[in-house]
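Reviewing the structure listed below.
In listed order, ligands and their atoms are each counted from 1. Quick note: residue numbers are just sequence positions, from 1. Only heavy atoms go into these numbers, but all of them, side chains included; no hydrogens, no water, no symmetry mates. Remember, it's a predicted structure, so these values are computed and weren't measured experimentally.
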Amino acid sequence: MQNNGSPKNTLIANIEHIKNLNSATIYKIIEKNAPISRVTISKISQLAPASVTKITRQLLEKKLITETARQASTGGRCAISLAPNSSAFNMLCIKIGQKKLLLTCYDLAGHKNQQTQIDISQKSGDKLLQILLNSINVCIEHQQQHHKKISAISITLSGLIDPKNGHIIYTPNNKLDDLPLVKILEEKFQIPSFIGNHTRSLALAEYYFGASKNSEDSILISINNGVGSGIIIQGKLLLGKNYNIGEIGHIQVNPAGNKCHCGHFGCLETEVSDPIILNKVKQAILQGGLSSLNLKDLNIERVYQAAANNDPLCQKIVADATIYLGKIISILINMLNPEKVIISGKIIRADKTLFRILKQCIEHQTLPNFQRAVLIEPTQLQDNPTLPAFSLIKQAIYEGDLLQKIKAS
Ligand SMILES: [Zn+2]
């Protein structure tokens, strides 16, 4: 609803917002407890039975939920229960990576029904945008052939993203800077669309579906070509007014370190990232260091695996990098007192070398009460690169906005 700022319009906008939140609360309760009766929904939500009846009617009209008959435990009468109608909705979820464009169709329960992968290693800017729009079109047509339609589109990528206004501000890899992507998508396809930073959205995905599912406060640390984090506090993803919360990669950890692409020296990213660690192993082998690996088939997966298998050279290099990472994670634990810290990236293959050192750092650098409360674990979503985009859709449903816009197949 357009709000021109007058008191009356502000009041209408607020009432509309509360209605959306109530719908979202009821949808969430049904999703979590299905099959569930209206009476039980009213008890859990503490909303009046008349409101529950009205909202569930709207959700039924939108086909977001269905009625299921359930035999009552006493007597012969059937109580009508409600359940989500997840299979009636198709969500197109996309990850724009550095080399690959991944597109997956999910139903609302998170089941995949179509997946496509496109090589974009030589593509950026306008060319990449064209490939993106064409591939979305192909997915929409494919669904139409099966008499289905896409109810929402969601995209995650690296960089500085303004999810509220659907704007890409800056991308380190894809040259899609200053791009109103959501506006472009919604004008072209007439489908509600969302975008978000990949690491922040991954933190949300871990909270909804993965390692931090039952933790209200968690931190996700992602190590790939750089280092980033996503912070969830009281079940909410922290973004801040400028959407930058979690940019830990440019905290200085080694004043005598190398120059970073940001212009400063010794940033965390100059000591911990897949390319940096790979290069250090390469240099050490070239200088005659003893390792089970050889230069011919050297790659980062092998380096982390060798560290896990007690290769002394790889173990030492991964351990040195982990000490820097452990310092920053300890600062985050002291600041935010999380229940869980989740580590994502190929580095988790280094297994004990990584987690043993991180635990040592936390033991020596955080408050005793905080370290007793925190668990440090690997991601559970390593093989699911489009699930972070799906999480943005779930978030929009749980916050009520998408429930109003969504249309079933
Ligand atoms: Zn930097």
Side-chain angles (χ1 to χ4, degrees), residues 95-99 124-125 156-163 167-179 195-203 219-231 237-284 300 303-304 317-336 338 341-348 350 354 357-358 361-362 365-366 379 388:
K95 183 190 175 192
I96 305 176
Q98 203 173 352
K99 293 177 181 165
S124 61
T156 62
L157 67 165
S158 296
L160 198 47
I161 317 291
D162 168 356
H167 203 99
I168 300 176
I169 300 165
Y170 163 76
T171 54
N173 310 316
N174 307 116
K175 293 198 173 73
L176 293 170
D177 303 4
D178 193 19
L179 185 75
I195 56 169
N197 168 282
H198 187 72
T199 303
R200 318 275 186 268
S201 309
L202 178 57
I219 301 170
L220 178 280
I221 308 284
S222 160
I223 300 112
N224 293 298
N225 290 329
V227 189
S229 76
I231 298 164
L237 178 63
L238 288 194
L239 287 177
K241 192 179 163 210
N242 296 317
Y243 322 105
N244 297 336
I245 290 179
E247 281 296 325
I248 57 169
H250 301 281
I251 300 174
Q252 192 187 56
V253 292
N254 179 7
N258 293 326
K259 192 168 184 181
C260 178
H261 61 88
C262 74
H264 298 308
F265 288 84
C267 295
L268 182 61
E269 281 193 7
T270 67
E271 298 292 344
V272 188
S273 76
D274 291 346
I276 295 284
I277 290 171
L278 182 62
N279 193 44
K280 282 191 177 171
V281 170
K282 200 172 163 185
Q283 295 308 322
I300 195 64
V303 168
Y304 292 141
I317 288 168
V318 173
D320 288 349
T322 306
I323 288 170
Y324 288 116
L325 189 65
K327 188 179 170 68
I328 299 305
I329 290 177
S330 297
I331 292 171
L332 289 173
I333 291 173
N334 280 324
M335 281 176 68
L336 300 165
V341 175
I342 315 295
I343 310 291
S344 159
K346 295 187 182 100
I347 200 167
I348 62 172
L354 174 77
I357 291 173
L358 286 180
C361 292
I362 292 166
Q365 298 170 42
T366 64
T379 172

Run the side chain to side chain contact (heavy atoms under 4.5 Å, CB included) check on Y243 and N197 step by step: do they pass?
CA-CA 9 Å; Y243 322 105; N197 168 282; over 6 Å; no
What angle, in degrees and rounded to 10°, do you get at the Zn ion (ligand 1) when you join it to SG of C262 and to SG of C260?
110°
By atom name, which N, O or S atom belonging to H250 lies closest to the Zn ion (ligand 1)?
ND1
Is atom NE2 of H264 surrounded by more than 12 heavy atoms (other residues, nucleotides or ligands) closer than 6.0 Å?
no
Which distance, rounded to the nearest 0.5 Å, do you find between the CG of L332 and the CD1 of I251?
6.5 Å
Residue pair S273 / N225, side-chain donor-acceptor N/O under 3.5 Å
no
Examine all N, O or S atoms of H264, backbone included, and report whether one is under 2.8 Å from the Zn ion (ligand 1).
no
